[in-house]
Amino acid sequence: MRDWILHVDLDQFIAAVELLRHPELRGRPVVVGGSGDPTQPRTVAATATYEAREHGIHSGMPLRTALKRCPDAIFLPSDPPAYEAASTRVMAVLREFPVLVEIWGWDEAFIGATTDDPETLAAAIQQAVRDRTQLTCSVGIGDNKHQAKLASGLAKPAGIHRLTSDNWAETMNHRPTDALWGIGARTAKKLAALGLHTVAQLAAADPAHLARHFGPTNGPWYRYLALGKGEAEVVTTPWIARGHSRETTFQHDLTDRTDIAHHVATLATQVAHDADEAGRQIARVSVKVRFTPFLTRTRQSKLPTPTTDPATVEQTALTILDRFDLTRPVRLLGVAVDYTLPPSDDQPTLEALE
DNA sequence: TCTGGGGTCCTAGGACCC
DNA sequence: TCTGGGGTCCTAGGACCC
């Protein structure tokens with residue numbers, strides 16, 4: 001018996017939930033996103049079925065482009081509450097196993113398990129999820145979260161794959177650095193400029209050299225990832241959000257100052273209400289403005305005292321807005337807040353100590 | 001391909017203080 | 001006093017992920 005980390009990843013989660021509601025669409029190219037109107041500008045696909053992908057459609061693609069690529073595609077509106085509900089049912093199934101479960105978004109979870117047959121456990125999880133929710137998932141098995149996460153990607157669709165320190169090098173060494181979880185296109189390009197193209201090359205790089213180019217934390221961390229290392233602790237306590245935000249991309253640019261201020265005030269009020277509902281205090285307010293064509297700027301300020309008062313948050317956001325040069329047309333406005341850390345039960349407050 | 005929305009974490013530079 | 005060095009806080013931006 002030994003410890004394993006499993007990563008459960010639902011296959012095509014959003015599309016799969018939609019196909020359960022619309023079984024007649026099975027086998028057809030389906031694209032989900034926005035309000036489901038593919039003629040709307042500035043709206044992108046949340047997901048696309050395998051049939052739609054065959055036409056070159058992928059998530060993040062503007063719906064108008066998707067429509068051009070596949071005029072016969074079915075476009076459905078995004079329905080977050082339905083995905084939330086489906087996710088809750090899946091996570092409940094996972095929790096019935098004698099394992100630790102760490103939920104990682106709508107369609108993923110890490111599992112900590114002690115067994116000498118992780119493949120049998122993985123198959124039992126897949127079977128239970130399928131029986132109870134009609135959804136399929138891929139399961140990755142690893143020594144840590146990083147390995148398990150990459151393994152579930154290799155297992156898709158609906159498969160099981162084991163990626164541990166034993167087969168890490170043979171599986172990963174020849175792959176590009178952005179195959180690693182946490183290295184994206186930007187970092188991969190910078191690494192390539194240093195002559196580091198593959199996972200093997202990154203694993204053999206000098207940590208001090210990486211630190212000079214990517215900072216004291218990130219540089220050595222990239223090499224660590226290339227060696228197949230990673231976090232192995234499964235945290236079952238609910239995640240405590242660090243902050244919250246709301247933003248809106250407008251179909252038509254905003255140019256009128258009063259109009260812009262009105263939208264910022266509305267977003268600020270919403271965010272303050274969200275915080276209040278979540279029982280959290282706001283410590284800092286940020287305003288985000290995206291100008292056309294696509295230039296994004298943020299300004300922020302720390303509140304003198306934490307609050308959830310909508311009027312204070314609104315006034316702060318409007319004062320921050322005054323610091324922007326609003327001579328260019330605006331395509332997006334956003335308001336974000338940082339929360340204070342919630343009072344912790346196991347950490348006595350200063351007052352309690354006195 | 002004219003590029004959503006909601007998150008997290010890290011870095012760098014300036015202000016300020018001793 | 002044409003000048004050191006460290007520590008902390010704050011802000012803006014970047015990168016990544018789903």
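Just so we're on the same page: letters track the sequence lines, and every chain starts at 1.
Within the nucleic acid shown, A:Ser301 comes within 4.0 Å of sugar-phosphate atoms alone, with no base atom in reach, counting heavy atoms only. Residue contacts shown for A:Gly243 are limited to sugar-phosphate atoms, with no base heavy atom under 4.0 Å away. Contacts of A:Gly105 with the nucleic acid, taken as non-hydrogen atoms under 4.0 Å apart, are absent. Here A:Trp181 lies in heavy-atom contact (under 4.0 Å) with sugar-phosphate atoms only. No contact: A:Arg64 has no heavy atom under 4.0 Å from any strand. Within the 4.0 angstrom heavy-atom criterion, no nucleotide atom of any strand lies near A:Ser59. The residue A:Trp239 sits close only to the backbone: its heavy atoms come under 4.0 Å of sugar-phosphate atoms, none of a base. Within 4.0 Å (heavy atoms only), A:Pro41 reaches no atom of the nucleic acid at all. Within 4.0 Å (heavy atoms only), A:Ala241 reaches sugar-phosphate atoms of the nucleic acid but no base atom. Within the 4.0 angstrom heavy-atom criterion, only backbone atoms of the sugar-phosphate kind lie near A:Lys190; the bases stay farther away. Across all strands, A:Lys149 comes closer than 4.0 Å only to sugar-phosphate atoms, never to a base (heavy-atom distances). Among the heavy atoms of the strands lying under 4.0 Å from A:Arg323 are primed sugar atoms or P, OP1, OP2 only; no base atom is included.
Aromatic ring centres of A:Trp168 and A:His146: separated by under 6.0 Å.
Checked against B:dG6, B:dT1, C:dC18, the side chain of A:His244 finds its nearest nucleotide in B:dG6. For A:Thr298, the side-chain atoms get nearest to C:dG13 when compared with the rest of B:dG7, C:dG13, B:dT3. Comparing atom distances between the A:Thr187 side chain and each of B:dT3, B:dT1, C:dA15 picks out C:dA15 as nearest.
Note on A:Thr217: every side-chain N or O is 4.0 Å or more away from OP1 and OP2 of B:dC9. Between A:Arg297 and the phosphate of C:dG13, there is a side-chain N or O to OP1/OP2 separation shorter than 4.0 Å.
A donor-acceptor contact shorter than 3.5 Å is absent between the side chain of A:Asp259 and the backbone of A:Leu254.
Residues A:Arg280 and A:Asp338 are not paired through a salt bridge, judged by the lack of any N-O separation under 4.0 Å between the basic side chain and the carboxylate.
The ring of A:Phe294 lies on top of the base of B:dT3, close enough and flat enough: under 5.5 Å between centres, under 30° between planes.
For CZ of A:Arg21, the number of neighbouring non-hydrogen atoms (other residues, nucleotides, ligands) closer than 6.0 Å is greater than 12. Within a 6.0 Å radius of NE2 in A:His273, no more than 12 heavy atoms belonging to other residues, nucleotides or ligands are found.
Here, B:dG4 and C:dC17 have their C1' atoms 14 Å apart, quoted to the whole Å.
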